[in-house]
There are 2 protein chains.
Amino acid sequence: MRQGCINILQVCRINIFDYFCTMMKRRNTATQEAVLAVLTSKRRAMSQDAIVKQMDVRADRATIYRILNRFCEDEIVHKIVADDGKQYFAVCIKCDEKTISNNHFHFRCTKCETIECLPTIVEFSAPQNYKVQQMNCVLVGVCKDCD
Amino acid sequence: MRQGCINILQVCRINIFDYFCTMMKRRNTATQEAVLAVLTSKRRAMSQDAIVKQMDVRADRATIYRILNRFCEDEIVHKIVADDGKQYFAVCIKCDEKTISNNHFHFRCTKCETIECLPTIVEFSAPQNYKVQQMNCVLVGVCKDCD
DNA sequence: TCATTAATGCGACAAGGTTGCATTAATATA
DNA sequence: TATATTAATGCAACCTTGTCGCATTAATGA
Ligand SMILES: [Mn+2]
Ligand SMILES: [Mn+2]
Ligand SMILES: [Zn+2]
Ligand SMILES: [Zn+2]
């Protein structure tokens, strides 16, 4: 990866956490910063246990969940429930060239067991008088790196 | 509902269970028939506990799950994991005028708390070299009956 | 420096689902 | 019909994921 990219990512990460602390009036704690750091560096949808494994700071399970739910409330992270019934969390990337909103497909690779946000918007025509407020769409298969 | 419809549904249900017993070489048991009867009569995606509540025969939780997974193996039922992380099961309807395959959206109504199969096929264009084998797509909102 | 209270750790808990194992009963065959 | 085979079941134990209450810690503002 080019140096430029790393810088952009790092600036981005700092900005998100900064936004979280100042705009959302959250306290600056090592654990919260570490969780966000993992999510932004991996750029994948990750489960609680996967996140903990990547963290340098130790933290309780309940705390991690509380942090993740806080991130969701503040809309810097979104939650996906995969077909294994587990919750996965991914940063809402806004510093990228293309903004990825919440209405996109997710892809679970059965080989590398990762879940990623696809830049593919979910298109549908719901039947008459159905009001769609959220969606949770996961495609399952083999990703480009595993085939 | 017209008498004709009921007849068609009942014939259909008998045929599915008959198919299950003869073609799939499964034994004819009251519990299996009861589970399938609930699913075909409700025509909704139902969770294990919702199914049990509708059953006249009593059966163990583990047994119900084993039956449902057996139905999935034999492809007379399909499984959806909703955004509450729970598994829901729905008959694969083939006796209807329009066949509903597995590649359709599901809709969870937050008011009546039901999950139904929509006749809306999931359309998407996965990125280059991604192989999609299954999907689990749930739209969440308010259904036509609740608004 | 101190007061406020958000954030954390710990334990307990619940829900959902699976598995092992003994028992029951559906089916095929004699 | 009687018997053997083994699929299906019931029960208990277990695991995983996620949440909650409560005491404690520490970030923040005054
Ligand atoms: Mn996403
Ligand atoms: Mn369906
Ligand atoms: Zn992969
Ligand atoms: Zn409804």
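Just so you know, these numbers use all the heavy atoms, side chains as well, and skip hydrogens, waters and symmetry mates. Convention: sequence-line order gives letters A, B, ...; per-chain numbering from 1.
Within the 4.5 Å cutoff, side-chain heavy atoms of B/Phe89 are placed close to those of B/Asn69. Residues A/Thr114 and A/Asp145 form no side-chain contact, since every pair of their non-hydrogen atoms from C-beta on lies 4.5 Å or further apart. The side-chain heavy atoms of A/Arg108 and B/Asn136, taken from C-beta on, include no pair separated by under 4.5 Å.
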Working for salt bridge (charged side-chain N to carboxylate O under 4.0 Å, His left out), residues B/Arg26 and B/Glu73: CA-CA 12 Å; B/Arg26 303 298 191 178; B/Glu73 276 176 43; 3.5 Å; yes
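Atoms CZ (B/Arg61) and C1' (C/dT19) sit 12 Å apart, rounded to a whole Å. Look at CG on A/Asp49: it is 16 Å from P on D/dC15, rounded to the nearest Å. The distance from atom CG of A/Leu68 to atom P of D/dG18 is 10 Å, rounded to the nearest whole Å. Between the C1' atom of D/dG29 and the NZ atom of A/Lys25 lies a distance of 12 Å, rounded to the nearest Å. Summarising the geometry, the separation between CD on B/Glu33 and P on D/dA8 is reported as 14 Å, rounded to the nearest angstrom. Between B/Met24 atom CE and C/dA26 atom C1' there is a gap of 19 Å when expressed in whole angstrom units. In this structure, CG of A/Asp18 is placed 12 Å from P of D/dT28, rounded to the nearest angstrom. Rounded to an integer number of Å, the gap from A/Ile67 CD1 to C/dG9 P is 8 Å.
Across all strands, B/Asn28 comes closer than 4.0 Å only to sugar-phosphate atoms, never to a base (heavy-atom distances). Heavy atoms of A/Ala62 sit under 4.0 angstrom from at least one base atom. The residue B/Thr31 sits close only to the backbone: its heavy atoms come under 4.0 Å of sugar-phosphate atoms, none of a base. In this structure, A/Gln32 reaches the sugar-phosphate backbone alone: every heavy-atom distance under 4.0 Å involves primed, P, OP1 or OP2 atoms, never a base. Backbone-only contact: A/Gln87 has heavy atoms under 4.0 Å from sugar-phosphate atoms and none from a base. As judged by a 4.0 angstrom heavy-atom cut-off over every strand, B/Asn69 is placed among residues touching the sugar-phosphate backbone only. Within the 4.0 angstrom heavy-atom criterion, only backbone atoms of the sugar-phosphate kind lie near B/Arg70; the bases stay farther away. Within 4.0 Å (heavy atoms only), A/Thr29 reaches sugar-phosphate atoms of the nucleic acid but no base atom.
For D/dG10, its base sits under 3.5 Å from the side chain of B/Arg66 at one donor and acceptor pair at least.
Each of B/Phe20 and A/Gln48 lies near DNA chain D, and the nucleotide nearest B/Phe20 is the one positioned closer to the 5' end. Comparing B/Lys79 and B/Cys21 by the nucleotide of DNA chain C whose heavy atom lies nearest to each, the residue mapping closer to the 5' end is B/Lys79.
Distances shorter than 4.0 Å separate none of the side-chain N or O atoms of B/Arg27 from OP1 or OP2 on D/dT6. Contact between the side-chain N/O atoms of A/Arg58 and the OP1/OP2 oxygens of C/dC10 is found at a separation under 4.0 Å.
In plain terms, the two heavy atoms of B/Ile80 and B/Ala45 that are nearest each other are CD1-CB, 3.8 Å.
When distances are taken from the side chain of A/Thr63 to each of C/dT8, C/dT18, D/dT9, the shortest belongs to C/dT8.
Ring centroids of B/Phe107 and A/Tyr130 are separated by less than 6.0 Å, placing the two rings close together.
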